[in-house]
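Remarks on the structure that follows.
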2 protein chains.
Amino acid sequence: MQKRGDGRNGEETRATLMFAALELFAAKGYEATSTREIASAAKANIASIAYHFGGKKGLHAACATFVAERLTSAIGTNVFEAELPDDPAVAAELVEQVATSLIGFLIGQPQAKAVSSFIIREINRPGPVFESLYLDVFEPVHRRICALLARATGQDTESETIRIGAFSLAGQIIYFRLGYPIVARRMDWLEPGSPEAGKIAAVVCANIRAFIETNTREDSK
Amino acid sequence: MQKRGDGRNGEETRATLMFAALELFAAKGYEATSTREIASAAKANIASIAYHFGGKKGLHAACATFVAERLTSAIGTNVFEAELPDDPAVAAELVEQVATSLIGFLIGQPQAKAVSSFIIREINRPGPVFESLYLDVFEPVHRRICALLARATGQDTESETIRIGAFSLAGQIIYFRLGYPIVARRMDWLEPGSPEAGKIAAVVCANIRAFIETNTREDSK
DNA sequence: GTCTATAAACAGATAGAC
DNA sequence: GTCTATCTGTTTATAGAC
């Protein structure tokens with residue numbers, strides 16, 4: 001018989017702790033977040049963290065795994081499983097599709113704020129979490145965007161301009177989430193949602209088309 | 001007579017504490033950084049923080065003031081004091097100039113990593129530090145970039161496309177600093193320096209020209 | 001202006017009852 | 001699986017010697 005009044009089982013407590021931890025790690029950072037705070041936010045006992053995750057570190061690792069999965073699904077798994085298209089126009093369209101669905105996630109889903117804050121903190125924290133995020137998410141995604149941009153422009157897949165260009169695309173997208181407190185104030189927006197995501201996607205997609213146009217090799221037309 | 005062996009005076013201790021704190025606040029976050037750590041890094045006594053800054057909060061505020069000044073000077077004060085140019089080509093050139101000098105600072109100056117990490121943390125921390133950074137730096141800079149982009153394209157200064165476009169420009173620039181651990185690995189770069197800054201600036205400036213070209217009203221030509 | 005010593009609060013982890 | 005109680009170490013701030 002459980003002591004708590006509601007009918008929550010072990011798996012539910014585990015998930016609640018994980019989401020509470022993700023929010024707090026994202027908002028305050030790993031070291032700055034106390035296990036007492038997490039347990040309190042999840043309405044669970046402090047000792048339950050040790051029971052379900054082995055400790056604070058284990059809870060952190062569980063958050064990282066969740067974030068990697070969430071981000072990969074937001075980008076759209078179909079883009080990665082499909083064959084690389086031969087037609088430059090189709091490749092260009094796919095890049096716009098990835099950008100639009102990523103913006104839709106970042107500026108539409110309530111979880112996105114925590115996911116992106118968590119990630120940006122880990123990028124500046126060398127360690128196993130960054131390592132697996134890089135190998136499982138960042139590098140494969142960047143390589144795929146490079147391949148698509150290369151097809152769209154006729155340039156080499158690994159040319160410096162293409163690789164830097166893919167990062168400049170990633171940068172403008174992630175900024176609208178990380179810098180949303182600034183953007184919202186300057187744009188007179190409130191909470192991020194579909195209308196805001198649409199306006200951002202329109203500008204970003206125009207930038208993608210402009211990048212492809214100015215970087216297309218003339219002799220490949 | 002001072003107890004410490006070297007000839008450091010009060011002002012020097014104050015500055016050393018401030019730089020040590022900036023590095024640590026940027027790397028680990030405000031709450032996660034202990035005053036012991038700061039004092040140890042600055043080779044000063046723990047009690048000296050209370051003496052020079054009144055406490056941990058005062059030290060944080062001093063870091064914020066320094067960061068705001070450093071960022072403003074990196075963008076180039078001349079751009080803000082000068083008159084808004086009438087010629088679209090001159091306005092476009094000024095935007096490229098701001099982008100290039102900002103990239104030069106972010107991907108060239110050793111302090112830039114700490115400055116930008118400190119700032120991105122404060123953007124997600126509502127409070128007086130964000131408030132003054134927004135009013136003193138972010139908003140004036142964004143307004144100025146909007147005004148220049150508007151001149152360059154012939155659009156209205158406060159049109160949504162211009163405002164969002166200015167943010168997409170800011171985003172791609174700041175990303176190369178915040179995401180440098182990812183960029184460096186994918187580009188086979190080591191520490192950020194002038195050659196890297198030059199390559200990034202070339203792509204970003206091409207993006208600026210492409211943005212202006214695709215967003216120029218035909219009837220203003 | 002710098003130092004030591006210490007107070008009072010807080011951290012993560014764990015043992016053991018239920 | 002959840003809880004209380006507690007151990008051990010660390011935190012910021014401060015009082016007072018020099």
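Note on naming: letters A, B, ... go to the chains in the order of the sequence lines (proteins, then strands), and numbering restarts at 1 for each one. Computation of the quantities below employed the complete heavy-atom set of this structure, encompassing side-chain atoms and omitting hydrogens, waters and symmetry-equivalent molecules.
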Per the side chain to side chain donor-acceptor pair (under 3.5 Å) rule, what does the pair list look like for residues 173-183 of chain A, sequence neighbours excluded? none
Residues 96-108 of chain B, side-chain donor-acceptor partners within the protein, below 3.5 Å, at least two apart:
from	atom 1	to	atom 2	distance (Å)
E96(B)	OE1	R209(B)	NH1	2.9
E96(B)	OE2	R209(B)	NH1	3.3
T100(B)	OG1	E96(B)	O	2.7
S101(B)	OG	I75(B)	O	3.4
S101(B)	OG	Q97(B)	O	3.3
S101(B)	OG	V98(B)	O	3.3

To the nearest angstrom, how far is [X] atom [atom1] from [N] atom [atom2]?
X: F53(A); N: dT2(D); atom1: CZ; atom2: P; result: 11 Å
X: K57(B); N: dT14(D); atom1: NZ; atom2: C1'; result: 17 Å
X: K28(A); N: dC10(C); atom1: NZ; atom2: P; result: 12 Å
X: L17(A); N: dC3(D); atom1: CG; atom2: P; result: 10 Å
X: H52(A); N: dT14(C); atom1: NE2; atom2: P; result: 16 Å

So which pairs with a foot in residues 126-144 of chain A pass salt bridge (charged side-chain N to carboxylate O under 4.0 Å, His left out), sequence neighbours left out?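 Counting only pairs at least two positions apart or across chains, the salt bridge (charged side-chain N to carboxylate O under 4.0 Å, His left out) contacts touching residues 126-144 of chain A are E131(A)-R185(B), E139(A)-R143(A), R143(A)-E158(A).
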All pairs passing salt bridge (charged side-chain N to carboxylate O under 4.0 Å, His left out) where residues 191-206 of chain A contributes a residue, at least two apart: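 The answer is K199(A)-E160(B).
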So, does S132(B) use its side chain to make a donor-acceptor pair with the main chain of V129(B) at under 3.5 Å? yes
Under 3.5 Å, which donor-acceptor pairs do the side chains of residues 52-64 of chain A form with other protein atoms, sequence neighbours left out?
from	atom 1	to	atom 2	distance (Å)
K56(A)	NZ	Y30(A)	O	3.0
K56(A)	NZ	T33(A)	O	2.7
H60(A)	NE2	E122(A)	OE2	2.7

For K28(A), which residues count as a salt bridge (charged side-chain N to carboxylate O under 4.0 Å, His left out) partner, sequence neighbours excluded? E37(A)
Under the salt bridge (charged side-chain N to carboxylate O under 4.0 Å, His left out) rule, collect the residues that match up with R151(B), sequence neighbours excluded.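 Expected list: D86(B).
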For nucleotides 5-12 of chain D, give me one character per nucleotide, 5' to 3': B if any protein heavy atom sits under 4.0 Å from the base, S if the only such contacts are to the sugar-phosphate, - if neither. ------BB
Side-chain N or O of S48(B) less than 4.0 angstrom from OP1 or OP2 on dC3(C)? no
Each base of DNA chain D marked ( ) or [ ] if paired in-strand (Watson-Crick or G-U under 3.5 Å), | if paired to another strand and . if unpaired gives |||||||.||||||||||
